[in-house]
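Only one structure is covered here, and it is reproduced in the block below.
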Amino acid sequence: MATVGKVIKCQAAVAWEPNVPMVIEEIEVAPPQANEIRIKVIATGVCHTDLYHLFEGKNKEGFPAVLGHEGAGVVESVGAWGNRVIKSFPLFLSQCRECRFCKCPKTNLCDQSWSSDRYAQMSDTTTRFSCRGQPILQFMGTSTFSEYTVLNQVAVAKIHDDAPLERVCLLGCGISTGYGAAINTAKVEPGSVCAVFGLGAVGLAAVMGCKNAGASRIIAVDINEQKFEKAKIFGATDFVNPKSHKKPISEVLAEMTNGGVDFSMECVGNGAVMRSALESCVKGWGVSVLVGWTDVQDFSARPIQLISGKTWKGSLFGGFKSKDSVPKLVLDYMAGRIMLDEFVTHTMSLDQVNDAVQLMKTGGCIRTIINLSK
Ligand SMILES: NC(=O)c1ccc[n+]([C@@H]2O[C@H](COP(=O)([O-])OP(=O)(O)OC[C@H]3O[C@@H](n4cnc5c(N)ncnc54)[C@H](O)[C@@H]3O)[C@@H](O)[C@H]2O)c1
Ligand SMILES: [Zn+2]
Ligand SMILES: [Zn+2]
């Protein structure tokens, strides 16, 4: 390819500062260095975590940056070699296969993922992006709101040649997260009663996970009743709007389930909802999983909640070891074992990225796909 080894000029949505819409800019993307891969992004989803970074987070240091971490594309060039067209998948959670955590089957938290360097920039702390001479940070080591991006090879998976990128990109974050929270972290059992709090893409995917794991009853909880119809498609059997009840939601669920649910998943990112999700579990064996993202420093629960035999745990990227699992999830979609199409409510171009963010902010979408292929 003509671009191998050269700087590529392309369009990207640059978040210059917090609480200000992103600006479509021409950026320069440097060639990949050793152990890096430059990817032409074909499609990307917009996740609540992008919104969180832009508007809700307290990380004022993380700007200017190119956001986006739910993308799929093709390899443009790899370090010093090769230019085969390979469908490839940027992973915000890496899998180096060498660290203590990668070697342990109990977790997916690769040690390389959350070093502050890789989180904000590339592996050697110098970003590959610049705009008008100024370095631009790479969000979550991925930055898929750009026509081209550079990733460390520990954060790229190769996926099936026939994978439809404008669908499987969703496996880059929200869907894998919710689905895995149910099947890997909660380990939902056949015949069990589950409750999912929050019915965005993450929560709907958790509903899908509960259903695939054989749950007999799945209670969908959201303050936006428009989400209930979608939740039904993914397998929800009961629907609760906390705003329609004067009692705490845990009491409502306890009455509906003879004492509480077997498994609950918090997919909102709200400390109070996390507490009610735990309180909604049955004593003795109930398991509650935190999935929603929040920068609440402390949150509380009465110790009796845990003394009485409940388990409270959390899940990042659904507990999936990313490089190993994403290619398999792609095959699951292609074989009809998991749904993806049903999550897509809007398709837009890169210059509409602020509209996509706004839609998510107002609850007007499940997932918007930004199509970058030209
Ligand atoms: N742990 C992880 O690996 C991971 C990965 C991706 C996203 N997340 C987080 O998961 C959360 C959900 O992401 P999303 O993309 O589905 O977001 P979303 O904004 O599409 O969905 C959130 C849903 O929660 C509902 N909600 C808000 N307040 C509620 C309340 N008090 N009770 C019940 N429902 C309520 C909203 O109406 C909405 O339907 C976010 O916090 C996101 O940052 C975590
Ligand atoms: Zn690792
Ligand atoms: Zn995300």
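As the structure lists them, so they are numbered: ligands from 1, and atoms in each ligand from 1.
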Proximity of [X] to ligand 1 by residue part, where a heavy atom lies under 4.0 Å:
X    : result
I223 : both
K361 : neither
F317 : backbone
H48  : both
C173 : side chain
S315 : backbone

[options]: member with heavy atom nearest to [atom]:
atom                    : options                : value
atom 15 (O) of ligand 1 : R367, K227, H69        : R367
atom 36 (C) of ligand 1 : V240, I366, V273, D222 : D222
atom 27 (C) of ligand 1 : V202, V221, V268       : V268

Atom 2 (C) of ligand 1 - nearest protein heavy atom and its distance: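 Going by distance alone, atom 2 (C) of ligand 1 is nearest to T177 CG2, 3.5 Å.
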Subset of ligand 1 atoms that lie under 4.0 Å from at least one heavy atom of G292: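 With G292 as reference, the close atoms of ligand 1 come out as 9 (C), 10 (O), 11 (C), 41 (O).
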N224 neighbourhood, listing ligand 1 atoms whose heavy-atom distance to it stays under 4.0 Å: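 With N224 as reference, the close atoms of ligand 1 come out as 37 (O).
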Within-2.8 Å protein N/O/S contacts of the Zn ion (ligand 3):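 You should have found C47 SG, H69 NE2, C173 SG.
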Test of proximity, A201 against ligand 1: N or O pairs below 3.5 Å: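 Right, the criterion is met.
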Any N or O of L316 closer than 3.5 Å to N or O of ligand 1: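 N/O-N/O distance under 3.5 Å: no.
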Flag, side chain of [X] to backbone of [Y], donor-acceptor distance under 3.5 Å:
X    : Y    : result
N212 : G209 : no
K313 : T185 : yes
S94  : A155 : no

Side chain to side chain, I175 and M208, heavy atoms closer than 4.5 Å: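 A side-chain contact exists here, since the closest heavy-atom pair is under 4.5 Å.
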Test log, rule salt bridge (charged side-chain N to carboxylate O under 4.0 Å, His left out), inputs E25 and R132: CA-CA 9 Å; E25 304 271 9; R132 295 194 289 271; 2.9 Å; yes
Metal-centred angle, the Zn ion (ligand 2) as apex - SG of C102, SG of C110, 10° resolution: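 For SG of C102 and SG of C110, the angle centred on the Zn ion (ligand 2) reads 100°.
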Sub-4.0 Å heavy-atom contact, G174 with ligand 1: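 It does not; every heavy atom stays at 4.0 Å or beyond.
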